[in-house]
Amino acid sequence: MPPARVRFAPSPTGALHIGGVRTALYNYLLAKKTNGTMILRIEDTDQTRYVPGAEEYILKSLEWVGIKIDEGVAQGGPHAPYRQSERKAIYKQYAQKLIDEGNAYYAFDSEEELEAMRNRLKATGSTHQQYSATTRMMMDNSLTLSKSEVAQKLAAGNPYVIRLKVPDSEEIELNDLIRGEVKVHSSQIDDKVLMKSDGMPTYHLANVVDDYLMQITHVIRGEEWLPSAPLHVLLYRFLGWEKQMPQFAHLPLLLKPDGNGKLSKRDADKAGFPLFPLNWTDPNTGELSKGFCESGYLPDALINFLAFLGWNPGTEQEIFSMHELIDSFTVERIGKAGARFDILKAQWYNQQYLKAKPDDELAAYLLAALPSNSCSKEKAAKICGVLKERVTFTHDLATQRASSLKHLPNTIPR
RNA sequence: GGUCCGUUCGUCUAGGGGUUAGGACACCAGAUUUUCAUUCUGGUAACACGGGUUCGAUUCCCGUACGGACUACCA
């Protein structure tokens with residue numbers, strides 16, 4: 001397989017969800033498997049949702065779990081900048097091209113007008129209330145306005161968005177590596193906003209432009225993007241990039257441990273397990289969310305557990321180092337169905353990894369929990385050597401000490 | 001509501017037209033361990049339902065049910 005160029009493209013709106021870590025992991029595994037490149041791109045086109053510190057948090061989290069970035073905001077690369085807010089001019093240019101070639105148009109409708117349109121449609125019993133081929137000619141845009149009216153509005157600085165002109169009747173097909181052929185009729189897709197009135201692109205435009213420019217070969221992302229994938233196919237076509245279009249792989253979602261639905265912060269809190277790699281304090285609410293790291297999980301155990309949520313090697317081996325994962329990974333073996341998040345299994349993995357760790361490595365965890373200089377390195381390693389058989393979390397090394405030690409042979413230091 | 005996606009033990013999953021449907025977590029029982037933990041052995045437990053196709057379907061096709069995602073100037 002030729003070297004893959006893949007990207008993980010989170011938006012800095014808060015802590016990195018564990019599902020995002022898995023998405024990053026699968027991307028990383030494919031990159032390393034093919035001797036390819038792992039790219040980190042920050043999708044910060046929504047200024048209203050920007051959360052300070054989130055980008056640094058994402059970087060630190062990926063580093064902690066052992067996902068190394070080849071190109072990205074921190075290390076740069078041939079396609080810099082890797083932050084979308086710094087690439088505004090690029091998107092504008094392609095949006096213009098789409099307009100010039102008749103594949104996109106200016107729309108001046110206010111929020112109230114859009115709302116009114118939806119209500120009107122709803123009243124007639126229409127199944128979907130969309131800005132689309134059936135409604136666009138009733139709206140305030142460069143398709144309905146004369147050339148001079150449009151020029152005038154533009155010159156006057158009236159707020160506008162740029163919308164994609166979706167063909168009214170056409171079957172759009174795409175081949176997903178996980179799901180096979182997926183077909184969607186263009187009448188089901190609305191005239192998505194490509195450029196917002198603040199001059200920023202939406203995800204749809206930015207993602208297609210960047211993936212093309214950065215020569216991405218595989219787009220591995222969450223299933224929530226599957227419905228809009230045909231729209232992206234349309235964009236590749238209109239931009240003349242169909243031949244360079246990356247291959248798509250839409251990952252099944254991580255589900256709640258009990259019942260159904262997307263795994264959320266709330267479920268994690270309820271069940272008493274972390275949902276983020278590292279501790280995260282929301283800068284707005286001041287609320288602290290626990291991380292796997294601070295909860296006593298080892299990064300390689302977490303990775304092993306996560307890899308197996310939706311993927312398996314087809315053998316009966318359960319314990320895989322990152323290196324082994326890279327060796328045996330293929331996108332073809334990713335499952336189609338969502339996987340429930342079973343924290344008990346994560347704990348089992350953690351215990352297995354803890355047991356397998358060298359004593360002196362474990363000693364660092366114990367020492368960190370003890371008052372400084374209260375215990376020598378050698379002594380700590382010895383204690384860990386005995387304790388590691390009976391603990392699940394790194395912090396158990398310190399807390400289990402007193403209660404367990406009295407049952408142990410006298411040969412080890414107290 | 002509409003569109004799309006999905007469905008094998010409680011959970012993660014292997015498998016695939018003819019199998020005792022395999023493994024792991026969890027659970028239960030026993031053994032080892034001066035208690036606990038570890039370890040070992042064994043056990044309970046699954047092809048959502050209905051129609052086709054076929055000599056034969058859990059596996060292929062079509063429906064149904066159920067679940068999920070999407071349906072923003074959010075990603």
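Letters go in sequence order (proteins before strands), and every chain restarts at 1. Keep in mind that the numbers below use all heavy atoms, side chains included, and drop hydrogens, waters and symmetry copies.
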Would you say A/N141 and A/R163 are linked by a side-chain donor-acceptor pair, where the criterion is simply a distance under 3.5 Å?
no
Looking only at side chains, do A/S132 and A/T134 share a donor and an acceptor under 3.5 Å apart?
yes
Gap in Å between the two C1' atoms, one belonging to B/G68 and one to B/C73, rounded
27 Å
B/S/- along nucleotides 69-75 of chain B (protein heavy atoms under 4.0 Å) is SSS-BBB
Expressed in whole Å, how much space separates the C1' atoms belonging to B/U59 and B/C4?
25 Å
Is there a donor and acceptor pair, one atom on the side chain of A/R390 and one on the base of B/C36, closer than 3.5 Å?
yes
Between B/U39, B/G2, B/U7, which one does the side chain of A/Q352 approach most closely?
B/U39
Residue A/D342, side-chain heavy atoms: nucleotide from B/C4, B/C25, B/G6 that is nearest
B/C25
Mind calculating the distance between CD (A/Q188) and P (B/G2) to the nearest angstrom?
11 Å
Span that lies between the C1' atom of B/U58 and that of B/U8, in whole angstrom:
8 Å
Report which part of the nucleic acid A/K355 touches: base, sugar-phosphate, or nothing (heavy-atom distance under 4.0 Å, all strands).
sugar-phosphate
Take atom P in B/G10 and the same atom in B/C27, then report the distance between them in whole Å.
16 Å
Strand partner of B/C74, provided both Watson-Crick or wobble distances fall under 3.5 Å:
none
Rounded to the nearest Å, what distance is computed from the CZ atom of residue A/R340 to the C1' atom of nucleotide B/A46?
14 Å
Residues A/K68, A/E63: salt bridge by 4.0 Å N-O rule:
no
Complementary nucleotide of B/A37, counting Watson-Crick and G-U pairs under 3.5 Å:
none
Using the P atoms only, state how far B/C61 lies from B/C66, rounded to an integer number of Å.
23 Å
Rounded to whole angstrom units, what separation is found between the CG atom of A/L251 and the C1' atom of B/G6?
14 Å
Would you kindly compare A/A346 and A/A337 by the position of their nearest RNA chain B nucleotide and give the one closer to the 5′ end?
A/A337
Is any NZ, NE, NH1 or NH2 atom of the basic residue among A/R41 and A/E43 found under 4.0 Å from an Asp or Glu carboxylate oxygen of the other?
yes
Salt-bridge criterion met for A/K357 and A/D300 (N-O under 4.0 Å):
yes
Can a side chain N or O of A/R333 be found less than 4.0 Å away from OP1 or OP2 on B/G15?
yes
Under a 3.5 Å cut-off for both distances, is B/U58 Watson-Crick or wobble paired, and to whom?
none
Once you round it to whole Å, what is the distance between C1' of B/U13 and CZ of A/F320?
13 Å
Rounded interatomic separation in angstrom, taking NE2 from A/H185 and P from B/G2
17 Å
Sugar-phosphate only, base, or nothing, as touched by A/G310 at under 4.0 Å among non-hydrogen atoms:
sugar-phosphate
Compare the minimum distances between each of B/A24, B/G22, B/U3 and the side chain of A/W348, then state the nucleotide with the smallest one.
B/A24
Is there a side-chain polar atom (N or O) of A/N312 under 4.0 Å from OP1 or OP2 of B/U13?
no
Between A/K345 (NZ) and B/G10 (C1'), how many Å, whole number?
13 Å
Is there a Watson-Crick or G-U wobble partner for B/U20 with both distances under 3.5 Å, and if so, which one is it?
none
Considering all heavy atoms, the nearest A/Q351-A/V391 contact:
CG-O, 3.5 Å
Write down the distance separating the P atoms in B/U44 and B/C28, rounded off to the nearest Å.
16 Å
For B/A69, which nucleotide is its Watson-Crick or G-U wobble mate, given both distances must be under 3.5 Å?
B/U3
Test of ring centre spacing under 6.0 Å for A/W348 and A/Y353:
no
Given the C1' atoms of B/A14 and B/G23, what is the spacing between them in whole Å?
7 Å
In whole angstrom, give me the gap between the P atoms of B/C9 and B/G15.
15 Å
Using a heavy-atom cut-off of under 4.0 Å over every strand shown, decide if A/R221 touches base, sugar-phosphate, or nothing.
nothing
Check the distance between B/C25's C1' and A/E316's CD and give it to me in whole angstrom.
14 Å
Any strand: nucleotide that pairs with B/C27 via Watson-Crick or wobble, under 3.5 Å
B/G43
Whether A/K33 engages the ring of A/F329 as a cation-pi pair (distance to the six-membered ring centre under 6.0 angstrom, angle to the ring normal within 45°) should be assessed.
no
Atom CD1 of A/I343 and atom C1' of B/U11 are separated, to the nearest Å, by 13 Å
State yes or no: are the ring centers of A/W311 and A/Y26 separated by less than 6.0 Å?
no
Are any of the side-chain nitrogens in A/D342 or A/R340 under 4.0 Å away from the carboxylate oxygens of its partner?
no
